[in-house]
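See structure below.
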Amino acid sequence: MTETLKGSRILLGVCGGIAAYKACELTRGLRELGAEVQVLMTVAAQQFVTPMTFQALSGRPVRSDLWDPLAEAAMGHIELARFAEHMVIAPASADCLARLAHGLASDLLSTVCLASAAPLSIAPAMNQQMWRHPATKANLAQLLQRGVRCIGPETGAQACGDHGPGRMAEPSQIIADLLAQRAQARVLAGRRILISAGPTYEDIDPARFIGNRSSGRMGFAIAAAAAAMGAETTLIAGPVALATPAGARRIDVRSAAEMHAAVLSEVGANEVFIAAAAVADYRPSTPQSRKIKRTAQALELSLIPNPDIVAAVAALPNRPLVVGFAAETEDLLVHARSKLERKHLDLICANQIGVAGTGFECDDNQLTLLWPGGERALAPAPKTELARALLLEIAARLAQRGR
Ligand code: C5P
């Protein structure tokens with residue numbers, strides 16, 4: 001069967017930048033695959049391409065002004081937002097990323113983005129220095145956390161004469177990504193997935209705790225991807241500073257004991273449990289109700305083991321498919337396989353830590369999946385990408401088991 005976007009209603013936002021000319025080809029490609037395309041241009045975009053070009057290619061009048069009484073009477077900005085089954089912004093300028101990240105509604109495109117619950121893909125294009133700026137990086141990280149998909153940018157020669165990252169992804173790549181998303185959108189439809197994420201904090205006294213460096217980003221990326229693939233997703237989160245992914249139900253906990261109780265009370269309804277949390281192995285045996293005072297003496301802290309949550313779930317009589325994580329600094333695969341066996345998991349994701357740029361507190365990661373009798377290394381990628389690869393693997397297993 002040839003791939004198609006027949007019947008899908010795509011809202012294409014075009015920002016001001018020289019890459020706007022590529023959005024013409026994108027509009028044409030989307031129409032050729034059967035999509036209905038409504039183009040929204042920013043004021044700056046019209047400095048590069050005329051609305052007439054997009055009108056001719058999309059077969060619909062282009063919208064650009066939030067305050068156009070005639071256009072608003074025909075299809076108001078809220079109706080535009082409802083029209084969209086998928087929103088694509090290509091090219092997405094640095095200014096656009098900033099507006100989206102901060103939820104501004106200062107022009108038609110940003111207002112429609114704020115008013116729409118449709119999945120959003122962005123294809124950034126900008127000068128390499130703007131792309132590398134910490135402000136842009138922070139804005140992008142914020143958007144990725146919320147489940148926005150970023151396609152590109154590519155590295156190469158730039159219109160301004162620079163060389164570096166910031167060229168807009170090719171229209172064919174954007175279309176391929178939309179096709180893949182459409183194919184994956186229902187892969188986990190009707191499935192119920194429980195995910196634990198983040199660290200746990202084990203209180204010593206009212207002021208101190210034992211924690212760890214887990215940021216929760218991997219688990220949150222898995223929850224975002226699971227919801228985007230149609231799963232009914234429950235996320236049990238330790239203390240993290242992350243936005244709840246669209247479509248996921250979130251339960252906040254603090255300690256391993258609280259996480260243990262929440263997981264056991266929720267797990268019965270789920271077909272999959274993904275333990276991405278970095279649960280503290282020990283907790284203080286007697287947390288103090290008053291702040292411990294400094295003295296000249298050495299202080300001994302007595303620690304007792306926490307329950308092993310994932311092992312407890314794997315030991316349930318009617319267990320779901322159980323997926324764990326192993327974060328290790330050395331002998332990664334050996335330790336991961338031994339955890340897989342010891343905890344009776346169906347799958348484990350081995351995760352190298354202690355190497356700059358992957359593992360804890362960053363957006364990229366490198367995972368190897370291990371299961372009884374096999375393993376598969378996934379190419380290093382952003383956590384959002386790895387989350388999707390992991391869930392596709394899980395979907396295949398659920399289908400195989402005839403669950
Ligand atoms: O801490 P460890 O490396 O053994 O964690 C491996 C896996 O076990 C992870 O999936 C983690 O979420 C899970 N785990 C757990 N309860 C614990 C310790 C770890 O569910 N108390």
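Only a predicted model underlies this, so the values are computations on that prediction, with no experimental measurement involved. Just follow the structure's listing: the first ligand is 1, and inside any ligand the first atom is 1. Worth knowing before you read on, the calculation uses all heavy atoms, side chains too, and leaves out hydrogens, waters and symmetry mates.
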Considering non-hydrogen atoms of the protein only, which is the closest contact for [atom], and what is the distance?
atom: atom 16 (N) of ligand 1; value: Ile309 N, 2.9 Å
atom: atom 4 (O) of ligand 1; value: Lys343 NZ, 3.2 Å
atom: atom 6 (C) of ligand 1; value: Phe325 O, 2.9 Å

> Do NZ/NE/NH1/NH2 and the carboxylate oxygens of Asp203 and Arg254 come within less than 4.0 Å?
Replying inline: yes
Taking the side chain as C-beta and beyond, is there a heavy-atom pair between [X] and [Y] under 4.5 Å?
X: Arg60; Y: Glu36; value: yes
X: Gln38; Y: Arg9; value: no
X: Leu391; Y: Leu188; value: yes
X: Ile210; Y: Tyr282; value: no
X: His102; Y: Asn139; value: yes

>> Quick check: closest heavy atoms across Thr4 and Arg182, and the distance to 0.1 Å?
In response: O-NE, 3.5 Å
Do any nitrogen or oxygen atoms of [X] come within less than 3.5 Å of a nitrogen or oxygen of ligand 1?
X: Ala277; value: yes
X: Ala280; value: no
X: Glu328; value: no
X: Val310; value: yes
X: Ala275; value: yes
X: Pro307; value: yes

> Taking Arg31 for the side chain and Leu26 for the main chain, is one N or O donor matched with an acceptor at less than 3.5 Å?
Replying inline: no
>> With a 3.5 Å distance limit and no angle check, can you tell me whether Thr27 reaches the backbone of Ser58 through a side-chain donor-acceptor pair?
In response: no
>> I want to confirm something. Looking only at heavy atoms, which of Lys339, Arg342, Met259 is nearest to atom 3 (O) of ligand 1?
In response: Lys339
>> Looking at non-hydrogen atoms alone, which of Val279, Val263, Leu345 comes nearest to atom 17 (C) of ligand 1?
In response: Val279
>> Show the atoms of ligand 1 that are less than 4.0 angstrom away from any heavy atom in Gly324.
In response: 10 (O)
> Hey, is Asp281 touching ligand 1 through its side chain, its backbone, both or neither, going by heavy atoms under 4.0 Å?
Replying inline: side chain
> Is the closest heavy atom of His335 to ligand 1 under 4.0 Å?
Replying inline: no
